[in-house]
Protein chains: 2
Amino acid sequence: MRRKEGNKEEDILKAATEVFAREGFHLAKISQIAEKAGLSVGTVYLYFENKDHLLQRIFETLWEGLLDHSQKLIETPNLNALEKIDGIVDVVFDTFAENPSLGAVFQKEMHHVSNLKHTPFRTYFEQFISIGEKILAEGREQSLFHPETNLHVAVSFIFGGLRFSVHQWTLHPDAESLVIFRTGIKKIIRNGLSV
Amino acid sequence: MRRKEGNKEEDILKAATEVFAREGFHLAKISQIAEKAGLSVGTVYLYFENKDHLLQRIFETLWEGLLDHSQKLIETPNLNALEKIDGIVDVVFDTFAENPSLGAVFQKEMHHVSNLKHTPFRTYFEQFISIGEKILAEGREQSLFHPETNLHVAVSFIFGGLRFSVHQWTLHPDAESLVIFRTGIKKIIRNGLSV
DNA sequence: CCTTTAAATGAATTTGAATTCATTTATAAT
DNA sequence: ATTATAAATGAATTCAAATTCATTTAAAGG
């Protein structure tokens with residue numbers, strides 16, 4: 001019998017990420033993805049049930065990576081809440097630094113994915129938010145943070161800011177601007193704008 | 001001859017905003033919009049060239065309002081940079097407080113609109129960003145802000161945070177949480193999380 | 001070097017909603 | 001009242017792209 005050559009599933013996901021990043025999910029054509037992956041339209045359907053599932057798998061991998069690293073981070077001893085927040089910023093930027101297209105897809109298509117039926121994506125997002133809230137609550141207990149800050153508001157603001165900044169960074173994803181974004185964002189989260 | 005009853009154009013835009021907010025642009029059906037506006041599918045096309053133009057008009061009105069108010073704000077004498085930033089937060093929340101669905105559409109569909117050909121939307125966004133950068137530069141000159149903060153990073157982060165927070169607020173758009181979001185966000189932008 | 005069968009192909013089919021347009025309705029002018 | 005015509009309707013058409021599947025290709029086992 002014939003055997004599979006290379007790793008087509010991976011090739012397809014990589015191609016899909018790039019096409020979704022450039023075109024957006026709805027304008028992306030399966031034919032474009034197939035071409036970029038170097039195979040035919042029909043083959044895409046041997047590996048993925050449909051277009052939605054492609055996006056779903058991309059987000060699944062992404063979220064699992066983010067949550068896994070974040071979970072390890074908050075369990076690290078000898079880190080205070082401020083250091084953990086810096087760690088979260090690093091987790092996010094490290095994730096997207098190795099794959100800038102993923103940052104664009106994350107910014108553009110998260111809402112589409114969370115609307116899909118039969119997906120655990122609202123749960124993933126909620127877990128991430130809940131990790132954020134844990135860190136902030138911890139910081140408050142350690143008297144590092146303003147006690148009156150509303151957790152939900154703070155986490156929403158930081159999540160949105162981080163996500164959009166990553167997206168902006170992906171427009172010119174070089175190493176130098178990566179450092180500027182990372183450090184700039186950490187500084188704002190800690191100290192805000194004012195002196 | 002027959003004359004137009006009421007303001008159908010307005011009815012359609014209002015209905016479209018609600019349907020786009022709930023379903024997202026691509027899943028929204030013209031038939032749903034027509035039904036919610038209390039008229040037929042064909043009538044929608046008497047008032048708008050196509051589905052894209054509906055979204056386009058919604059964003060046009062939205063951006064013009066935001067830019068107009070922001071422009072007036074930065075020209076107001078006797079406001080320092082910190083007060084101007086508070087003003088921007090207020091402009092944004094005032095805009096969406098009177099129409100929470102607009103906040104959801106703004107968060108979900110901005111990327112679709114900026115991909116449309118023949119639209120000035122990248123320009124609108126750039127103008128808004130440029131207003132933000134002006135305020136930050138001013139604050140730096142007034143020695144109110146950390147001199148080393150990167151303007152582009154700070155503005156991206158704040159824009160993203162503000163946009164996503166508004167979207168989160170629209171999920172439970174009551175007056176009490178509005179105040180909590182407004183004040184919480186202003187505080188974080190000024191002072192960050194740490195004491 | 002056949003034979004078997006999994007893998008791959010891409011043209012043909014299906015689908016589903018955007019858009020159109022022939023027909024109907026309602027108002028204003030005469 | 002009648003007529004002219006703008007406004008409105010919604011069933012029929014169009015269209016583009018997702019999905020399918022009959023056919024072809026190529027590796028592995030005998």
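Hydrogens, waters and symmetry mates are skipped; everything else that's a heavy atom, side chains included, is used. Throughout, a chain's letter reflects where its sequence line sits, starting with A, and its residues are numbered from 1. None of these values were measured; they are calculated from a predicted model.
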Anything under 3.5 Å between a donor and an acceptor, one on a side chain of residues 55-64 of chain B, the other on a protein residue two or more places apart or in another chain? List them.
unit_1: B/Arg57; atom_1: NH1; unit_2: B/Glu9; atom_2: OE2; d: 2.8
unit_1: B/Thr61; atom_1: OG1; unit_2: B/Arg57; atom_2: O; d: 3.0
unit_1: B/Glu64; atom_1: OE2; unit_2: B/Tyr124; atom_2: OH; d: 2.7

Roughly how many Å is it from [atom1] in [X] to [atom2] in [N], rounded to a whole number?
X	N	atom1	atom2	result
B/Asp52	C/dA17	CG	P	17 Å
A/Asp11	C/dA7	CG	P	16 Å
B/Ile33	C/dA17	CD1	P	13 Å

I'd like to know whether the aromatic ring centres of [X] and [Y] sit less than 6.0 Å apart in this structure.
X	Y	result
B/Phe164	A/Phe164	no
A/His26	A/His112	yes
A/His167	B/His111	no

*Are the side chain of B/Thr95 and the backbone of B/Gly65 linked by a donor-acceptor contact shorter than 3.5 Å?*
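Absent.
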*Do the side chain of B/Lys29 and the main chain of B/Leu27 share a donor and acceptor less than 3.5 angstrom apart?*
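Indeed, once roles are kept as given, a pair shorter than 3.5 Å links the two residues.
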Applying a 4.0 Å non-hydrogen cut-off, can you work out what [X] is touching in the nucleic acid: base, sugar-phosphate, or nothing?
X	answer
A/Leu46	base
A/Ala34	nothing
A/Tyr47	sugar-phosphate

_Positional range of nucleotides in DNA chain D within the contact set of chain B, heavy-atom, under 4.0 Å_ = D/dT5 to D/dG10
Can you name the atoms? Protein N/O to nucleotides 12-15 of chain C N/O, anything below 3.5 Å, with the distance.
none

*Taking for each residue the nucleotide of DNA chain C bearing the nearest heavy atom, is the 5' side occupied by A/Gly38 or by B/Lys51?*
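Its nearest nucleotide being more 5', the pick is A/Gly38.
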*Is there a side-chain polar atom (N or O) of B/Arg3 under 4.0 Å from OP1 or OP2 of C/dA28?*
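Affirmative; the distance criterion is met.
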_Can you tell me if A/Glu75 has over 12 outside heavy atoms packed within less than 6.0 Å of its CD?_
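Count over threshold, so yes.
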*In terms of ring plane angle, is the pair B/Phe93 and B/Phe181 parallel, tilted or perpendicular, where the classes change at 30° and 60°?*
tilted
*Nearest 0.5 Å please: distance from the CD1 atom of B/Ile85 over to the CZ atom of B/Arg190.*
8.5 Å
